[in-house]
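Start at 1 and go down the list; that is how both ligands and their atoms are numbered. Residue indices begin at 1 and follow the sequence shown.
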Amino acid sequence: MNTTSALNLAGAKPLQFPIPANVYAETVVSVKHYTDRLFSFRITRPQSLRFRSGEFVMIGLPNAEKPIFRAYSVASPAWDDELEFFSIKVPDGPLTSELQKIEVGDTVIM
Ligand SMILES: Cc1cc2nc3c(=O)[nH]c(=O)nc-3n(C[C@H](O)[C@H](O)[C@H](O)COP(=O)(O)OP(=O)(O)OC[C@H]3O[C@@H](n4cnc5c(N)ncnc54)[C@H](O)[C@@H]3O)c2cc1C
């Protein structure tokens with residue numbers, strides 16, 4: 001994990017929770033809401049992350065002692081400096097009921 005990526009860019013606040021081992025803490029750089037069921041978001045990309053088109057990562061939020069992770073297909077190309085994801089909004093979904101509220105500067109774990 002990159003130490004600077006564990007900071008909240010909006011307020012440069014250090015995180016108040018432990019990031020599990022082997023988990024990246026990345027910063028949300030943009031969020032777009034399309035409908036009440038669909039949004040997309042972009043996060044910083046850890047330099048060490050390599051992937052091929054069509055591969056997925058596990059995404060979670062650092063809001064619980066045992067974070068919930070869900071599979072997300074990477075929508076951005078492998079050469080992009082950021083990672084983009086499209087997400088459903090499930091009203092009572094364990095992850096997306098909270099994930100849909102993310103804002104620029106928030107932390108997403110991966
Ligand atoms: C390999 C893989 C890649 C995935 N990639 C994405 C992705 O890029 N974007 C994304 O939004 N989800 C993706 N998913 C689904 C994702 O992992 C979660 O299920 C989703 O984010 C909802 O999480 P949740 O905890 O809020 O609700 P969950 O408890 O996971 O799901 C609640 C309900 O919503 C349904 N559901 C979940 N995801 C979707 C969806 N995308 N479209 C329609 N119905 C759905 C489930 O079948 C279930 O009935 C992927 C799943 C897998 C296995």
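Among all non-hydrogen protein atoms, the one lying nearest atom 28 (P) of ligand 1 is R70 NE, 3.8 Å. Counting protein heavy atoms only, atom 29 (O) of ligand 1 is closest to P94 CD, 3.4 Å. Among all non-hydrogen protein atoms, the one lying nearest atom 14 (N) of ligand 1 is A71 O, 3.2 Å. Atom 26 (O) of ligand 1 has its closest protein heavy atom at T96 OG1, 2.6 Å. Nearest non-hydrogen protein atom to atom 3 (C) of ligand 1 is S73 OG, 3.6 Å. For atom 1 (C) of ligand 1, the nearest non-hydrogen atom of the protein is F56 CD2, 3.7 Å. Remark: minimum distance from atom 43 (C) of ligand 1 to any protein heavy atom is reached at I88 CD1, 3.2 Å.
Close to ligand 1: Y72, with a non-hydrogen atom less than 4.0 angstrom away.
Put simply, the side chain of L61 does not reach to within 4.5 Å of the side chain of I109, judged on heavy atoms. Between R70 and L99, every side-chain heavy-atom pair lies at or beyond the 4.5 Å cut-off. Two residues are said to be in side-chain contact when any heavy atoms from C-beta on lie closer than 4.5 Å; V29 and V104 fail this criterion.
Annotation for H33 and Q100: closest pair CE1-O, 3.2 Å, computed over non-hydrogen atoms. Shortest non-hydrogen contact noted between P91 and S97 is O-CB, 3.3 Å.
Taking a cut-off of under 4.0 Å to the non-hydrogen atoms of L95, the atoms of ligand 1 that pass are 24 (P), 25 (O), 26 (O).
Within the 4.0 Å cut-off (strictly below), no protein heavy atom is located near atom 49 (O) of ligand 1. Counting protein heavy atoms under 4.0 angstrom from atom 23 (O) of ligand 1 gives one or more. The presence of a protein heavy atom under 4.0 Å from atom 46 (C) of ligand 1 is ruled out. Note that atom 35 (C) of ligand 1 has no protein non-hydrogen atoms nearby, at separations under 4.0 angstrom.
Between Y72 and F85, the angle of the ring planes goes over 60°, which puts this pair in the perpendicular group of the 30/60° scheme.
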Problem - Candidate pair R45 and F51, rule side-chain contact (heavy atoms from CB on, under 4.5 Å), full reasoning - result: CA-CA 11 Å; R45 176 179 176 177; F51 66 93; 3.7 Å; yes

Handout entry: Residues F41, D106; criterion side-chain contact (heavy atoms from CB on, under 4.5 Å); working and verdict
Key = CA-CA 11 Å; F41 58 98; D106 287 348; over 6 Å; no

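Residue-level proximity to ligand 1 for F86 is carried by the backbone, the only part with a heavy atom below 4.0 angstrom. Looking at V90 against ligand 1, only its side chain comes within 4.0 Å, counting heavy atoms.
For the pair I68 and ligand 1, the shortest N or O to N or O distance does not fall below 3.5 Å.
Looking at S48 and Y24, their side chains do bring a donor and an acceptor atom within 3.5 Å of each other.
Applying side chain to side chain contact (heavy atoms under 4.5 Å, CB included) to R42 and the options T27, D80, V28, L83 leaves one that passes, D80.
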